[in-house]
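Heavy atoms only: backbone and side chains are in, while hydrogens, waters and symmetry mates are out. Heads up: numbering here begins at 1 and tracks the sequence.
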Amino acid sequence: MATTLPVIRAHRVGDPAFPKSRGRVKIPSVNIHIGAGGWNNREAQFRAFRRFCSRHDRELRRVRRYLHKQGWTVDFGIGDPGENIVVMSFAFPADVVDLAATFGFQLEWTIYKQM
C-alpha cells in the first residue's frame with residue numbers, strides 16, 4: 001500500500017529482522033518519522049505526536065481503514081536510565097491516549113539501553 005506518510009523504512013516478509021536473533025520478518029511493518037522529541041523529553045515527544053496526527057489526519061484515517069484489525073503501534077523511546085533504577089513508571093497524558101485511539105494506535109514505551 002502506498003502512503004504519503006514519512007516512511008523511514010519498510011520491513012517486508014522475509015527481510016532480515018533486527019536484531020538478527022529474531023530471524024526474518026514475519027509480519028510486514030514500516031517505521032514512520034513522527035518528529036524529534038529527544039530520548040528523555042517526553043513532553044516534546046507528545047507535542048511531536050500531536051502535530052504529526054494533526055498534519056496527517058486524512059492519511060492516518062485512510063491507512064487505518066486499510067489496516068482493519070491489524071493495528072499499529074506508536075513507540076515512544078526512552079534513553080538508558082542507568083544501572084541504579086529499580087522501577088520506572090511513565091504515564092501517557094489523556095489527550096495523547098484519546099488521539100491514539102482515534103487512529104487505532106497502541107502506545108508503548110521502549111527503553112534503549114546504551115551498550
Under 3.5 Å, which donor-acceptor pairs link side chains of residues 4-13 to any protein atom two or more places apart or in another chain?
{"unit_1": "Arg9", "atom_1": "NE", "unit_2": "His11", "atom_2": "ND1", "d": "3.3"}
{"unit_1": "His11", "atom_1": "NE2", "unit_2": "Asn31", "atom_2": "OD1", "d": "2.4"}

Which heavy atom of [X] sits nearest to which heavy atom of [Y], and what is that distance?
X	Y	result
Arg24	Gly14	CD-O, 2.8 Å
Arg62	Ala2	NH2-O, 2.6 Å
Ile78	Trp109	CD1-CE3, 3.4 Å
Glu59	Thr3	OE2-OG1, 2.5 Å
Ile111	Gly79	CG2-O, 4.2 Å

Within the structure provided, determine whether [X] and [Y] are in side-chain contact (heavy-atom separation under 4.5 Å).
X	Y	answer
Phe103	Val63	no
Asp95	Phe46	no
Arg51	Arg47	yes

With Leu107 via side chain to side chain contact (heavy atoms under 4.5 Å, CB included) - residues at least two apart: Val74, Phe76, Phe92, Val96, Val97, Ala100
Passes side-chain contact (heavy atoms from CB on, under 4.5 Å), Arg61 versus Thr102? Steps please. CA-CA 9 Å; Arg61 290 176 191 279; Thr102 299; 3.6 Å; yes
Rounded to the nearest 0.5 Å, what separation is found between the CZ atom of Phe52 and the CD1 atom of Ile32?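 So the CZ of Phe52 and the CD1 of Ile32 are separated by 5.5 Å.
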Nearest 0.5 Å please: distance from the CG atom of Leu60 over to the CZ atom of Arg55. 12.5 Å
